[in-house]
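Working notes, structure below.
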Amino acid sequence: MKGAALLAILRRDLRLLLLGSGGGGGIMLPILFFLAVAIIFPFAVGPDPKLLARVGGGVIWLAALLAAILPLDRLIEPDREAGLFEQWALRGISEEVIVALRLLAHWLSFAPPLMLATLPAAALLGLDARTITLVELGLLAGTPGLAAVGVAVATITAGLKGGAALAGLLFIPLCVPLLIFGAGALAIGGESGLALAGAASLVLVALTPFAGAAALRAGR
Amino acid sequence: MTATALTATDLCCRRGDRWLFSGLSLGLARGQALHVLGPNGLGKSSLMRMLAGLLPPSPDPVSGITGAIAWDGPLALMDERHGLDLGQPLGAALAFWARVDGPVPDEAINGLGLANLLDVPVRYLSTGQKKRAALARLIGQNAPNWLLDEPLNGLDVAACAMVERMIARHCAGGGACIIASHQSLGIPGLTRLDLAEYAL
(Lines give C-alpha, C1' and ligand atoms only; values in the text may rest on other atoms or scores of the structure.)
Protein backbone atom coordinates (compact mmCIF):
# COMPACT_ATOMS: atom_id res chain seq x y z
CA MET A 1 0.00 0.00 0.00
CA LYS A 2 2.72 2.44 1.05
CA GLY A 3 4.88 1.53 -1.94
CA ALA A 4 1.93 1.90 -4.33
CA ALA A 5 1.15 5.30 -2.83
CA LEU A 6 4.74 6.48 -3.27
CA LEU A 7 4.75 5.26 -6.87
CA ALA A 8 1.50 7.11 -7.52
CA ILE A 9 3.02 10.29 -6.06
CA LEU A 10 6.17 9.95 -8.18
CA ARG A 11 4.11 9.38 -11.33
CA ARG A 12 1.98 12.41 -10.57
CA ASP A 13 5.03 14.59 -9.89
CA LEU A 14 6.66 13.48 -13.12
CA ARG A 15 3.57 14.06 -15.22
CA LEU A 16 3.06 17.48 -13.67
CA LEU A 17 6.66 18.59 -14.18
CA LEU A 18 6.95 17.20 -17.72
CA LEU A 19 3.60 18.23 -19.14
CA GLY A 20 2.62 21.05 -16.82
CA SER A 21 -0.69 21.48 -15.12
CA GLY A 22 -3.54 21.99 -17.56
CA GLY A 23 -1.85 24.14 -20.19
CA GLY A 24 0.52 25.88 -17.77
CA GLY A 25 4.22 25.17 -17.46
CA GLY A 26 5.76 21.89 -18.49
CA ILE A 27 9.37 21.31 -19.41
CA MET A 28 9.13 22.74 -22.95
CA LEU A 29 9.44 26.33 -21.76
CA PRO A 30 12.74 25.98 -19.85
CA ILE A 31 14.23 23.94 -22.71
CA LEU A 32 13.23 26.52 -25.32
CA PHE A 33 14.65 29.22 -23.05
CA PHE A 34 17.91 27.26 -22.84
CA LEU A 35 18.11 27.05 -26.63
CA ALA A 36 17.22 30.72 -26.98
CA VAL A 37 20.15 31.74 -24.75
CA ALA A 38 22.50 29.59 -26.81
CA ILE A 39 21.12 31.12 -30.02
CA ILE A 40 21.37 34.78 -29.02
CA PHE A 41 24.87 34.48 -27.57
CA PRO A 42 26.63 34.73 -30.99
CA PHE A 43 24.57 37.86 -31.71
CA ALA A 44 26.03 39.47 -28.62
CA VAL A 45 29.72 38.54 -29.01
CA GLY A 46 29.97 38.19 -32.78
CA PRO A 47 30.16 35.14 -35.03
CA ASP A 48 33.89 34.41 -34.66
CA PRO A 49 34.01 30.57 -34.75
CA LYS A 50 37.22 30.34 -32.73
CA LEU A 51 35.84 32.49 -29.94
CA LEU A 52 32.53 30.62 -29.89
CA ALA A 53 34.26 27.24 -29.80
CA ARG A 54 36.39 28.42 -26.88
CA VAL A 55 33.61 29.89 -24.69
CA GLY A 56 30.66 27.83 -26.01
CA GLY A 57 30.91 25.15 -23.32
CA GLY A 58 30.65 27.79 -20.61
CA VAL A 59 27.73 29.41 -22.41
CA ILE A 60 25.86 26.10 -22.36
CA TRP A 61 26.48 25.79 -18.63
CA LEU A 62 25.25 29.31 -18.01
CA ALA A 63 22.16 28.73 -20.16
CA ALA A 64 21.44 25.51 -18.24
CA LEU A 65 21.71 27.34 -14.95
CA LEU A 66 19.38 30.13 -16.09
CA ALA A 67 16.89 27.64 -17.55
CA ALA A 68 16.87 25.78 -14.23
CA ILE A 69 15.42 28.90 -12.58
CA LEU A 70 12.25 28.84 -14.69
CA PRO A 71 10.54 25.80 -13.13
CA LEU A 72 11.24 26.89 -9.54
CA ASP A 73 7.96 28.70 -8.87
CA ARG A 74 5.79 25.77 -9.87
CA LEU A 75 7.97 23.08 -8.28
CA ILE A 76 6.45 23.30 -4.79
CA GLU A 77 4.15 26.29 -4.40
CA PRO A 78 1.03 25.09 -6.30
CA ASP A 79 0.91 21.87 -4.27
CA ARG A 80 1.50 23.69 -1.00
CA GLU A 81 -1.27 26.11 -1.87
CA ALA A 82 -3.67 23.26 -2.68
CA GLY A 83 -2.86 21.53 0.62
CA LEU A 84 -1.37 18.39 -0.93
CA PHE A 85 1.67 18.35 1.35
CA GLU A 86 -0.60 18.45 4.40
CA GLN A 87 -2.71 15.60 3.06
CA TRP A 88 0.41 13.49 2.52
CA ALA A 89 1.60 14.32 6.04
CA LEU A 90 -1.76 13.15 7.43
CA ARG A 91 -1.25 9.80 5.72
CA GLY A 92 2.01 9.33 7.57
CA ILE A 93 4.23 9.88 4.52
CA SER A 94 7.15 11.90 5.83
CA GLU A 95 8.06 15.21 4.23
CA GLU A 96 11.59 13.93 3.65
CA VAL A 97 10.26 11.16 1.39
CA ILE A 98 7.94 13.58 -0.41
CA VAL A 99 10.76 16.04 -1.07
CA ALA A 100 13.08 13.22 -2.21
CA LEU A 101 10.41 12.03 -4.66
CA ARG A 102 9.92 15.58 -5.92
CA LEU A 103 13.70 15.90 -6.40
CA LEU A 104 13.82 12.65 -8.37
CA ALA A 105 10.87 13.72 -10.54
CA HIS A 106 12.39 17.17 -11.09
CA TRP A 107 15.71 15.70 -12.19
CA LEU A 108 14.07 13.12 -14.45
CA SER A 109 11.92 15.77 -16.10
CA PHE A 110 14.72 18.34 -16.45
CA ALA A 111 18.08 16.68 -17.04
CA PRO A 112 17.41 14.32 -19.98
CA PRO A 113 15.63 16.99 -22.12
CA LEU A 114 18.38 19.48 -21.24
CA MET A 115 21.15 17.07 -22.23
CA LEU A 116 19.30 16.37 -25.46
CA ALA A 117 18.87 20.08 -26.18
CA THR A 118 22.59 20.55 -25.52
CA LEU A 119 23.35 18.81 -28.84
CA PRO A 120 21.66 21.41 -31.10
CA ALA A 121 22.94 24.19 -28.82
CA ALA A 122 26.48 22.86 -29.16
CA ALA A 123 26.08 22.62 -32.93
CA LEU A 124 24.92 26.26 -33.06
CA LEU A 125 27.97 27.34 -31.09
CA GLY A 126 30.26 25.15 -33.19
CA LEU A 127 31.74 23.08 -30.36
CA ASP A 128 34.06 20.18 -31.17
CA ALA A 129 33.29 16.59 -30.22
CA ARG A 130 35.61 16.57 -27.21
CA THR A 131 34.02 19.69 -25.72
CA ILE A 132 30.52 18.33 -26.34
CA THR A 133 31.44 15.13 -24.52
CA LEU A 134 32.84 17.08 -21.59
CA VAL A 135 29.77 19.34 -21.42
CA GLU A 136 27.39 16.38 -21.52
CA LEU A 137 29.35 14.49 -18.86
CA GLY A 138 29.51 17.64 -16.77
CA LEU A 139 25.76 18.13 -17.05
CA LEU A 140 25.20 14.50 -16.11
CA ALA A 141 27.30 15.06 -12.98
CA GLY A 142 26.00 18.54 -12.23
CA THR A 143 22.25 18.43 -12.98
CA PRO A 144 21.37 16.36 -9.87
CA GLY A 145 22.94 19.17 -7.86
CA LEU A 146 21.07 21.82 -9.85
CA ALA A 147 17.82 19.93 -9.27
CA ALA A 148 18.57 19.56 -5.55
CA VAL A 149 19.31 23.27 -5.08
CA GLY A 150 16.17 24.05 -7.08
CA VAL A 151 13.92 21.88 -4.89
CA ALA A 152 15.48 23.19 -1.68
CA VAL A 153 15.13 26.82 -2.75
CA ALA A 154 11.57 26.26 -3.98
CA THR A 155 10.50 24.73 -0.64
CA ILE A 156 12.14 27.53 1.32
CA THR A 157 10.48 30.27 -0.73
CA ALA A 158 7.08 28.54 -1.09
CA GLY A 159 4.31 30.70 0.29
CA LEU A 160 6.38 33.87 0.44
CA LYS A 161 5.25 36.99 -1.33
CA GLY A 162 7.49 37.43 -4.35
CA GLY A 163 8.84 33.96 -3.69
CA ALA A 164 9.60 33.33 -7.35
CA ALA A 165 12.00 36.26 -7.66
CA LEU A 166 13.62 35.40 -4.35
CA ALA A 167 14.01 31.79 -5.45
CA GLY A 168 15.96 32.86 -8.52
CA LEU A 169 18.16 35.11 -6.43
CA LEU A 170 18.92 32.34 -3.90
CA PHE A 171 19.40 29.73 -6.59
CA ILE A 172 22.27 31.38 -8.47
CA PRO A 173 24.87 31.71 -5.67
CA LEU A 174 24.10 28.22 -4.37
CA CYS A 175 24.87 26.82 -7.82
CA VAL A 176 28.28 28.50 -8.10
CA PRO A 177 30.24 25.42 -6.94
CA LEU A 178 28.52 23.28 -9.56
CA LEU A 179 29.27 25.87 -12.22
CA ILE A 180 32.93 26.18 -11.19
CA PHE A 181 33.52 22.44 -11.20
CA GLY A 182 31.29 21.57 -14.16
CA ALA A 183 32.36 24.35 -16.50
CA GLY A 184 35.85 24.29 -15.02
CA ALA A 185 36.31 20.76 -16.35
CA LEU A 186 36.26 22.34 -19.83
CA ALA A 187 39.08 24.76 -19.17
CA ILE A 188 41.37 22.40 -17.33
CA GLY A 189 40.20 19.50 -19.45
CA GLY A 190 40.29 17.14 -16.52
CA GLU A 191 38.16 14.45 -14.99
CA SER A 192 38.81 16.06 -11.63
CA GLY A 193 36.32 18.83 -12.45
CA LEU A 194 33.67 16.28 -13.37
CA ALA A 195 34.38 14.28 -10.22
CA LEU A 196 34.08 17.39 -8.06
CA ALA A 197 30.84 18.42 -9.79
CA GLY A 198 29.52 14.93 -9.11
CA ALA A 199 30.64 15.12 -5.49
CA ALA A 200 28.99 18.51 -5.01
CA SER A 201 25.83 17.07 -6.57
CA LEU A 202 25.83 14.12 -4.18
CA VAL A 203 26.17 16.37 -1.14
CA LEU A 204 23.33 18.61 -2.35
CA VAL A 205 21.09 15.65 -3.19
CA ALA A 206 21.70 14.19 0.26
CA LEU A 207 20.93 17.46 2.05
CA THR A 208 17.87 18.58 0.09
CA PRO A 209 15.24 16.16 1.46
CA PHE A 210 16.03 17.24 5.02
CA ALA A 211 16.30 20.96 4.26
CA GLY A 212 13.13 20.84 2.16
CA ALA A 213 11.16 18.87 4.75
CA ALA A 214 12.19 21.28 7.51
CA ALA A 215 11.13 24.21 5.32
CA LEU A 216 7.76 22.62 4.58
CA ARG A 217 7.10 21.93 8.27
CA ALA A 218 8.16 25.42 9.30
CA GLY A 219 5.92 26.94 6.65
CA ARG A 220 2.70 25.32 7.88
CA MET B 1 -17.92 0.94 27.41
CA THR B 2 -17.11 2.74 24.21
CA ALA B 3 -13.67 2.84 22.71
CA THR B 4 -11.92 6.18 22.62
CA ALA B 5 -11.00 7.72 19.31
CA LEU B 6 -9.14 10.75 20.62
CA THR B 7 -7.56 11.85 23.85
CA ALA B 8 -6.14 15.35 23.90
CA THR B 9 -4.89 17.09 27.04
CA ASP B 10 -3.74 20.56 27.96
CA LEU B 11 -3.73 22.04 24.48
CA CYS B 12 -2.54 25.59 24.20
CA CYS B 13 -2.18 27.60 21.06
CA ARG B 14 -0.04 30.61 20.38
CA ARG B 15 0.21 32.17 16.95
CA GLY B 16 3.03 34.66 16.81
CA ASP B 17 2.61 36.96 19.80
CA ARG B 18 -1.05 36.13 20.31
CA TRP B 19 -2.40 33.48 22.66
CA LEU B 20 -5.56 31.95 21.24
CA PHE B 21 -6.61 29.34 23.81
CA SER B 22 -5.14 27.32 26.64
CA GLY B 23 -5.90 24.42 28.95
CA LEU B 24 -8.12 22.67 26.42
CA SER B 25 -8.60 18.96 27.05
CA LEU B 26 -11.01 16.85 25.12
CA GLY B 27 -11.86 13.24 24.52
CA LEU B 28 -13.87 11.65 21.78
CA ALA B 29 -15.43 8.19 21.71
CA ARG B 30 -16.05 6.07 18.63
CA GLY B 31 -19.35 7.03 17.04
CA GLN B 32 -19.28 10.49 18.56
CA ALA B 33 -19.47 13.79 16.72
CA LEU B 34 -18.16 16.98 18.28
CA HIS B 35 -19.02 20.48 17.12
CA VAL B 36 -16.34 23.06 17.90
CA LEU B 37 -17.93 26.48 17.84
CA GLY B 38 -16.84 29.98 18.49
CA PRO B 39 -16.64 33.32 16.72
CA ASN B 40 -14.13 34.05 13.97
CA GLY B 41 -10.50 34.39 14.95
CA LEU B 42 -10.74 32.37 18.14
CA GLY B 43 -8.55 29.56 16.85
CA LYS B 44 -11.01 26.95 15.57
CA SER B 45 -8.89 26.26 12.52
CA SER B 46 -5.70 26.31 14.58
CA LEU B 47 -7.25 23.74 16.92
CA MET B 48 -8.18 21.55 13.97
CA ARG B 49 -4.68 21.78 12.52
CA MET B 50 -3.25 21.02 15.94
CA LEU B 51 -5.48 17.96 16.29
CA ALA B 52 -4.41 16.92 12.79
CA GLY B 53 -0.78 17.05 13.89
CA LEU B 54 0.10 19.82 11.46
CA LEU B 55 0.68 22.39 14.18
CA PRO B 56 2.59 21.48 17.36
CA PRO B 57 0.81 22.42 20.63
CA SER B 58 2.37 25.41 22.37
CA PRO B 59 3.64 25.04 25.94
CA ASP B 60 1.22 26.30 28.59
CA PRO B 61 1.84 29.99 29.42
CA VAL B 62 1.71 29.30 33.17
CA SER B 63 2.83 25.75 33.87
CA GLY B 64 5.01 25.27 30.79
CA ILE B 65 3.45 21.87 30.10
CA THR B 66 3.07 20.96 26.45
CA GLY B 67 -0.16 19.19 25.62
CA ALA B 68 -0.50 15.78 24.01
CA ILE B 69 -2.78 14.40 21.33
CA ALA B 70 -3.42 10.69 20.79
CA TRP B 71 -5.65 9.35 18.02
CA ASP B 72 -6.72 5.78 17.67
CA GLY B 73 -6.53 4.97 13.96
CA PRO B 74 -5.94 7.03 10.85
CA LEU B 75 -7.29 10.50 10.45
CA ALA B 76 -8.72 12.47 7.54
CA LEU B 77 -8.78 16.25 7.33
CA MET B 78 -10.83 18.55 5.18
CA ASP B 79 -10.20 22.27 5.45
CA GLU B 80 -10.30 25.21 3.09
CA ARG B 81 -7.56 23.60 1.00
CA HIS B 82 -9.15 20.97 -1.19
CA GLY B 83 -5.96 18.99 -1.87
CA LEU B 84 -6.78 18.45 -5.54
CA ASP B 85 -4.77 19.30 -8.67
CA LEU B 86 -6.22 22.53 -10.04
CA GLY B 87 -5.14 21.84 -13.61
CA GLN B 88 -6.50 18.31 -13.79
CA PRO B 89 -10.04 17.24 -14.58
CA LEU B 90 -11.85 16.29 -11.39
CA GLY B 91 -11.90 12.62 -12.36
CA ALA B 92 -8.11 12.52 -12.79
CA ALA B 93 -7.53 14.51 -9.59
CA LEU B 94 -9.66 12.05 -7.61
CA ALA B 95 -8.05 9.11 -9.41
CA PHE B 96 -4.67 10.21 -8.03
CA TRP B 97 -6.01 10.00 -4.47
CA ALA B 98 -7.68 6.70 -5.33
CA ARG B 99 -4.23 5.29 -6.11
CA VAL B 100 -2.97 6.54 -2.75
CA ASP B 101 -6.03 5.79 -0.56
CA GLY B 102 -8.29 3.43 -2.45
CA PRO B 103 -11.25 4.25 -4.69
CA VAL B 104 -14.11 6.61 -3.83
CA PRO B 105 -17.37 4.60 -3.84
CA ASP B 106 -19.67 5.46 -6.76
CA GLU B 107 -22.58 6.23 -4.45
CA ALA B 108 -20.47 8.91 -2.77
CA ILE B 109 -19.66 10.48 -6.17
CA ASN B 110 -23.36 10.39 -7.11
CA GLY B 111 -24.55 11.48 -3.68
CA LEU B 112 -22.25 14.50 -3.80
CA GLY B 113 -23.52 15.38 -7.28
CA LEU B 114 -20.09 15.05 -8.87
CA ALA B 115 -20.87 12.43 -11.51
CA ASN B 116 -21.30 14.94 -14.35
CA LEU B 117 -18.35 17.10 -13.24
CA LEU B 118 -15.63 14.49 -13.61
CA ASP B 119 -14.45 15.94 -16.97
CA VAL B 120 -14.28 19.50 -15.67
CA PRO B 121 -10.85 20.83 -14.60
CA VAL B 122 -10.80 21.48 -10.86
CA ARG B 123 -9.93 25.16 -11.38
CA TYR B 124 -13.28 25.71 -13.15
CA LEU B 125 -15.35 24.24 -10.30
CA SER B 126 -17.27 26.63 -8.08
CA THR B 127 -16.45 26.99 -4.38
CA GLY B 128 -19.24 24.63 -3.40
CA GLN B 129 -18.30 22.10 -6.05
CA LYS B 130 -14.67 22.12 -4.89
CA LYS B 131 -15.92 21.53 -1.35
CA ARG B 132 -17.94 18.54 -2.50
CA ALA B 133 -14.93 17.21 -4.40
CA ALA B 134 -12.84 17.52 -1.24
CA LEU B 135 -15.55 15.59 0.64
CA ALA B 136 -15.34 12.83 -1.98
CA ARG B 137 -11.58 12.67 -1.42
CA LEU B 138 -12.20 12.51 2.33
CA ILE B 139 -14.64 9.62 1.97
CA GLY B 140 -12.23 7.75 -0.29
CA GLN B 141 -9.59 7.94 2.42
CA ASN B 142 -11.75 5.57 4.45
CA ALA B 143 -10.36 6.83 7.76
CA PRO B 144 -12.32 6.26 10.98
CA ASN B 145 -11.59 9.74 12.29
CA TRP B 146 -12.69 12.88 10.48
CA LEU B 147 -11.65 16.45 11.07
CA LEU B 148 -13.85 18.86 9.15
CA ASP B 149 -12.98 22.55 9.20
CA GLU B 150 -15.98 24.61 8.09
CA PRO B 151 -17.44 21.82 5.95
CA LEU B 152 -20.58 23.78 5.12
CA ASN B 153 -18.88 26.91 3.75
CA GLY B 154 -19.98 27.55 0.20
CA LEU B 155 -22.50 24.72 0.11
CA ASP B 156 -26.15 25.20 -0.82
CA VAL B 157 -29.00 24.15 1.50
CA ALA B 158 -29.46 20.71 -0.05
CA ALA B 159 -25.72 19.99 0.06
CA CYS B 160 -25.55 21.11 3.72
CA ALA B 161 -28.28 18.62 4.62
CA MET B 162 -26.44 15.94 2.69
CA VAL B 163 -23.17 16.63 4.51
CA GLU B 164 -25.02 16.42 7.84
CA ARG B 165 -26.47 13.05 6.82
CA MET B 166 -23.02 11.93 5.71
CA ILE B 167 -21.51 12.81 9.08
CA ALA B 168 -24.37 11.10 10.93
CA ARG B 169 -23.86 7.95 8.85
CA HIS B 170 -20.11 8.03 9.43
CA CYS B 171 -20.63 8.24 13.18
CA ALA B 172 -23.35 5.58 13.17
CA GLY B 173 -20.79 3.32 11.48
CA GLY B 174 -18.40 3.73 14.40
CA GLY B 175 -16.44 6.68 13.09
CA ALA B 176 -15.57 9.78 15.08
CA CYS B 177 -15.87 13.28 13.77
CA ILE B 178 -14.88 16.76 14.87
CA ILE B 179 -16.50 19.64 13.02
CA ALA B 180 -15.38 23.22 13.39
CA SER B 181 -18.12 25.48 12.19
CA HIS B 182 -19.80 28.74 13.09
CA GLN B 183 -23.05 27.43 11.60
CA SER B 184 -25.49 25.24 13.49
CA LEU B 185 -25.47 21.58 12.56
CA GLY B 186 -28.40 19.19 12.50
CA ILE B 187 -26.70 15.99 13.52
CA PRO B 188 -28.26 13.67 16.12
CA GLY B 189 -26.19 13.11 19.26
CA LEU B 190 -23.88 16.03 18.53
CA THR B 191 -21.82 17.29 21.47
CA ARG B 192 -20.61 20.86 21.56
CA LEU B 193 -17.40 22.53 22.56
CA ASP B 194 -17.40 26.29 22.85
CA LEU B 195 -13.85 27.46 22.22
CA ALA B 196 -14.65 30.84 23.79
CA GLU B 197 -14.48 29.18 27.24
CA TYR B 198 -10.78 28.48 26.70
CA ALA B 199 -9.91 31.76 25.06
CA LEU B 200 -7.12 33.89 26.45
Side-chain angles (χ1 to χ4, degrees), chain A residues 1-29 71 73-98 101-102 105 109 158-159 213-220, chain B residues 15 45-46 48-56 69 71 73-103 119-125 130-131 133-138 140-149:
Chain A
M1 171 58 208
K2 193 78 175 282
L6 295 184
L7 200 66
I9 293 170
L10 180 64
R11 274 179 49 189
R12 175 189 169 276
D13 285 359
L14 250 181
R15 198 206 60 233
L16 213 67
L17 293 173
L18 272 175
L19 306 176
S21 162
I27 199 61
M28 271 316 278
L29 222 59
D73 62 329
R74 58 191 178 79
L75 207 47
I76 299 290
E77 174 58 16
D79 284 356
R80 191 204 64 83
E81 178 74 34
L84 282 146
F85 289 109
E86 295 177 355
Q87 291 296 333
W88 286 321
L90 279 171
R91 284 157 179 78
I93 307 170
S94 75
E95 282 85 357
E96 282 83 359
V97 173
I98 293 289
L101 285 176
R102 188 60 54 102
S109 71
L216 282 178
R217 277 192 288 263
R220 279 207 283 256
Chain B
R15 298 295 272 170
S45 291
S46 296
M48 297 301 267
R49 294 173 66 75
M50 197 176 277
L51 289 172
L54 296 171
L55 193 69
I69 298 161
W71 284 97
L75 156 83
L77 168 76
M78 192 194 75
D79 56 9
E80 81 281 0
R81 293 177 177 170
H82 43 72
L84 298 165
D85 277 326
L86 280 176
Q88 291 285 309
L90 178 58
L94 286 174
F96 164 69
W97 285 112
R99 280 195 289 278
V100 175
D101 291 331
D119 297 334
V120 181
V122 174
R123 76 167 84 246
Y124 296 129
L125 297 180
K130 279 188 192 128
K131 205 84 182 179
L135 280 165
R137 191 211 70 223
L138 176 98
Q141 203 179 335
N142 216 1
N145 304 306
W146 284 4
L147 284 172
L148 309 178
D149 191 1

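Protein chains get the first letters and strands the later ones, always in sequence-line order, with residue 1 at the start of each.
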Heavy-atom pair with the smallest gap, counting every atom of [X] and [Y]:
X	Y	value
Asp85(B)	Arg15(A)	OD2-NH2, 4.1 Å
Val100(B)	Arg91(A)	CG1-CD, 3.9 Å
Leu84(A)	Trp97(B)	CD2-CZ2, 3.2 Å
Leu84(B)	Ala82(A)	O-CB, 3.8 Å

Next on the checklist: Working note: Leu7(A) + Arg99(B), criterion side-chain contact (heavy atoms from CB on, under 4.5 Å); need CA distance, chi angles, decisive distance, verdict.
Outcome noted: CA-CA 9 Å; Leu7(A) 200 66; Arg99(B) 280 195 289 278; over 6 Å; no

Next on the checklist: Can you tell me how far apart CD (Gln87(A)) and CG (Asp79(B)) are? Round to the nearest 0.5 Å.
Outcome noted: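 Those atoms lie 7.0 Å apart.
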
Next on the checklist: Distance check, rounded to the nearest 0.5 Å: Asp79(A) atom CG versus Leu86(B) atom CG?
Outcome noted: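 Answer rounded to 0.5 Å: 9.5 Å.
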
Next on the checklist: Need one label for Leu77(B): side chain, backbone, both or neither, based on atoms under 4.5 Å from any heavy atom in chain A.
Outcome noted: both

Item to check | Side chain / backbone / both / neither for Arg12(A) at chain B, heavy atoms under 4.5 Å | outcome: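 For Arg12(A), the side chain is the part near chain B, not the backbone.
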
Next on the checklist: Under 4.5 Å from any heavy atom of chain B, what part of Arg217(A) do you find: side chain, backbone, both or neither?
Outcome noted: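 Interface part for Arg217(A): neither.
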
Checklist entry - Run the salt bridge (Lys or Arg N to Asp or Glu O under 4.0 Å) check on Glu81(A) and Arg81(B) step by step: do they pass? => result CA-CA 7 Å; Glu81(A) 178 74 34; Arg81(B) 293 177 177 170; 5.6 Å; no

Checklist entry - Is a donor on one side and an acceptor on the other found under 3.5 Å between the side chain of Arg220(A) and the backbone of Leu54(B)? => result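 Such a contact is found between Arg220(A) side chain and Leu54(B) backbone.
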
